[in-house]
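Basis for what follows: all heavy atoms, side chains included, without hydrogens, waters or symmetry-related copies.
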Number of protein chains: 2
Amino acid sequence: MNIGEIARRAGVSRSTVSYALSGKRPVSEKTRRRIQRVINEMGYQPNASARALARGETRALGMVFPPASSHYTDMQLAFIGGVVEAAGAHDYDVLMSPRGADVDASFQRLVGERRVDGVILMEIRLQDPRVERLRDTGFPFVTIGRTGNPEGTAWVDLDYLNLVRRCVRHLSDLGHHHLAFVNRSEKLLRSGYESARRGLDGFEVALQETGLTGTAYTCDDDAAAGERCVQQILSSQPEVTGIVTINEASLGGLYRGLADAGRKIPRDMSVTGISAERWAEAVTPALTAAAQPALEMGRIAIDLLLERMRTPEKPARHQLLTPRIVLRASTGPPPVLGE
Amino acid sequence: MNIGEIARRAGVSRSTVSYALSGKRPVSEKTRRRIQRVINEMGYQPNASARALARGETRALGMVFPPASSHYTDMQLAFIGGVVEAAGAHDYDVLMSPRGADVDASFQRLVGERRVDGVILMEIRLQDPRVERLRDTGFPFVTIGRTGNPEGTAWVDLDYLNLVRRCVRHLSDLGHHHLAFVNRSEKLLRSGYESARRGLDGFEVALQETGLTGTAYTCDDDAAAGERCVQQILSSQPEVTGIVTINEASLGGLYRGLADAGRKIPRDMSVTGISAERWAEAVTPALTAAAQPALEMGRIAIDLLLERMRTPEKPARHQLLTPRIVLRASTGPPPVLGE
DNA sequence: TTGAAAGCGGTACCAG
DNA sequence: CTGGTACCGCTTTCAA
């Protein structure tokens, strides 16, 4: 079933059918109705590939995401949900391509073969060759997260530095003096993963500002790693009374580790950080934390991207989010010495 | 940059370039090299839309998933990850389209406009009009989950009925007599959501088989709902000593509710069920549960789908998974009376 | 208000 | 081994 067939049955030309559909040229009421009737009868829908070829646009947006060999974190997945939903609202589909290993191949396929009209990049590194590449080509794109030098690109990001800083302040205000910081994995940190890096920077800056002491730890993205991390913290720095974490996937293990060590939250140990609401509320006591507004970030990413696509001449915008810290039940004053 | 330009610069015809690329016709070594050199110089990549139009296939698979207004469950998201990854391994991209509200529109767009070569459906209802529709059209598709009458369709599913049954048996073997079942939301259950329905069936069958008593509860997908649900259980059936849950998103709240009521797990209350490993290990004590092998199911779905696409004449296959229950720390014998 | 026809960028058949 | 060309299905310009 194609447009020619519809035209034949309606007794008009193909172009008239096309115009009746697009409305880009006036079509008399009676022919329009006749055409519409045939279309309904036949259940005709125009072929997307043909349309894309003729129009030069696919009405699809690309989403490039990490190799993620084993498992995705909640956050990554939530972004995807937000992006797909927001794109749908604008009548765009989302095309996902992992193509892991090869850094380029992933979006070379999406962009090079013109499968999509624009791209969203996640899991940004401070030095990210993909971003450089895209910036050079002029292809519309947006990053969730930002590089070390994001000028001239469109991005949406969480202000990890200041969020972590606020967490430290919060603990400082409560009277804590010795803190630990639970970061993402060693591997991610080393590879210049931006949120891990900026979170760490925030921790260090905050220590200086407040005069507190503290140490940063890296931790893999699972419960077992969280347990190990706590053990490490407790054994190497028994004086720690407050923990700041940006590793939500290890949160459950972190709590368990503390429980196993006989440390009650928040009586013996305060815990705070950045985490999706889902995780913050799943643990007991619920975590005082800044939320990852993943859905909203997805929405913003789409808005920025559509803007790039529609008005490429305008300078790229960005948005840095600093959600407030939601007080729940996991922080309190440090235990009184000798008690 | 298109194939004509490459042909011109290499001094050959367009068809020769095409054949050099596809290998579907012998091309002399020297012309092949010449062509390849030009392609490399120009950074040429064939246009996907044009290719799709000419070949009649898009090399993209569709993923239709629920409106999911607010948030997706972990499980849904994990499926997506698994599917995308598996598809990538076969050189297919995955096109996602939510198009919420309208039940049909979602895949009418993907299928009707031939944006994809095959479709994966999730969030299946026992009576699912989308499945009927697709079955009629003969378009290749696979469901994650199955309808009440899945004959002749390709699907991969978890055997909720038997998994829940095993959970009940496990508690029965430990000596429990009074159980509660925590299902997904009332709304999902009513709408014929298959896993909710089949899980409930399993619970009822198991009670009959074992002679235990028990009641089923519905629960929304969040921690707060989990807390409420526990309160309800404890007040309406104080004799309950074992809980079976298939609602992982409420798990944290369920644990908290028990803690607040002064019930220790597993001393005063055993808890078991079906849950992604991530959640099962996040709670303390870790949950004895059957895992949702989401990644694997995604992989299987892709395999089945490609099979449908390549050999539509062969009868549709399916796969029913019954992962074993992983013993962790949340179940034990019931408290001794009067102790 | 409508029709004819030239693309869009590939693929693959028919000839040579 | 290679070239010419019809065609995939739709959009849009040109002409009437």
Side-chain angles (χ1 to χ4, degrees), chain A residues 1-39 42-60 91 93 108-117, chain B residues 1-39 42-60 91 93 108-117:
Chain A
M1 186 48 41
N2 59 36
I3 201 171
E5 184 71 4
I6 299 296
R8 209 178 51 67
R9 301 203 186 219
V12 296
S13 72
R14 299 190 308 156
S15 53
T16 300
V17 175
S18 178
Y19 285 120
L21 245 34
S22 70
K24 293 188 181 175
R25 186 169 90 172
V27 173
S28 80
E29 192 49 31
K30 55 189 73 159
T31 46
R32 178 199 298 294
R33 297 165 71 92
R34 188 146 34 91
I35 291 171
Q36 193 54 54
R37 201 160 42 70
V38 176
I39 286 178
M42 316 292 313
Y44 166 74
Q45 286 186 269
N47 179 303
S49 302
R51 183 174 265 183
L53 179 56
R55 290 219 266 236
E57 66 167 43
T58 61
R59 302 280 322 167
D91 228 31
D93 292 329
Q108 269 313 309
R109 171 162 168 137
L110 259 36
V111 176
E113 300 181 1
R114 314 247 99 158
R115 279 175 134 67
V116 296
D117 300 333
Chain B
M1 185 49 41
N2 59 36
I3 201 173
E5 184 71 2
I6 300 296
R8 210 178 50 67
R9 301 202 187 220
V12 297
S13 72
R14 297 193 308 151
S15 52
T16 301
V17 175
S18 177
Y19 286 120
L21 245 33
S22 70
K24 293 188 180 174
R25 187 167 89 173
V27 172
S28 81
E29 193 49 31
K30 53 190 74 158
T31 47
R32 178 198 298 292
R33 298 165 71 91
R34 188 148 32 91
I35 291 170
Q36 193 54 55
R37 200 159 43 70
V38 177
I39 286 177
M42 316 291 315
Y44 167 73
Q45 285 186 269
N47 178 303
S49 302
R51 182 175 267 182
L53 178 57
R55 291 218 267 234
E57 65 167 45
T58 61
R59 301 283 319 170
D91 228 30
D93 292 330
Q108 269 312 310
R109 174 163 167 134
L110 295 181
V111 176
E113 300 182 1
R114 315 247 100 162
R115 276 173 141 58
V116 297
D117 300 333

So, OP1 or OP2 of [N]: does either fall under 4.0 Å of a side-chain N or O from [X]?
| X | N | value |
| --- | --- | --- |
| B:S28 | D:dC1 | no |
| B:K24 | C:dA12 | yes |
| B:S18 | C:dT11 | yes |

Can you figure out which of [options] approaches the side chain of [X] most closely?
| X | options | value |
| --- | --- | --- |
| A:A54 | C:dG7, D:dC1, D:dC8 | C:dG7 |
| B:S15 | D:dG9, C:dC13, D:dT12 | C:dC13 |
| A:P46 | D:dT2, C:dG10, D:dC10 | D:dC10 |
| B:Y44 | D:dC10, D:dC14, C:dG10 | C:dG10 |
| A:S13 | C:dC8, D:dC10, C:dG3 | C:dG3 |
| B:T31 | D:dT2, C:dG10, C:dT2 | D:dT2 |

Next item on the list: Apply side-chain hydrogen bond (donor to acceptor under 3.5 Å, both in side chains) to A:S15 and A:S18, showing your working.
Entry: CA-CA 5 Å; A:S15 53; A:S18 178; over 6 Å; no
To the nearest 0.5 angstrom, please state how far the [atom1] atom of [X] sits from the [atom2] atom of [Y].
| X | Y | atom1 | atom2 | value |
| --- | --- | --- | --- | --- |
| B:L53 | A:N47 | CG | CG | 6.5 Å |
| A:R9 | A:R37 | CZ | CZ | 12.0 Å |
| A:S49 | B:R55 | OG | CZ | 11.5 Å |

Rounding to an integer number of Å, can you tell me how far [X] [atom1] sits from [N] [atom2]?
| X | N | atom1 | atom2 | result |
| --- | --- | --- | --- | --- |
| B:R8 | D:dG3 | CZ | P | 15 Å |
| B:R14 | D:dC1 | CZ | P | 22 Å |
| B:N2 | C:dG9 | CG | P | 5 Å |
| B:R25 | D:dG3 | CZ | P | 8 Å |
| A:E57 | C:dG9 | CD | C1' | 17 Å |
| A:R33 | C:dT2 | CZ | C1' | 19 Å |
| A:L53 | C:dC8 | CG | P | 9 Å |
| B:I3 | C:dG9 | CD1 | P | 11 Å |

Next item on the list: Assign B:P26 to base, sugar-phosphate, or nothing according to its heavy-atom contacts below 4.0 angstrom with the strands shown.
Entry: base
Check: Base, sugar-phosphate, or nothing for A:V17, non-hydrogen atoms under 4.0 angstrom?
Finding: nothing
Next item on the list: Mark yes or no for a side-chain to base donor-acceptor pair under 3.5 Å between B:R51 and C:dT11, with no hydrogen or angle criteria applied.
Entry: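 In this structure, the two groups form no donor-acceptor pair.
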Checklist line | Contact nearer the 5' end of DNA chain D, comparing B:R34 with B:R55 | finding: B:R34
Notebook entry, point to check: How about B:R25: does its CZ atom have over 12 heavy atoms from other parts shown lying under 6.0 Å from it?
Noted result: yes
Next item on the list: Mind listing the closest non-hydrogen atom pair of A:T58 and A:A52 along with its distance?
Entry: CA-CB, 4.0 Å
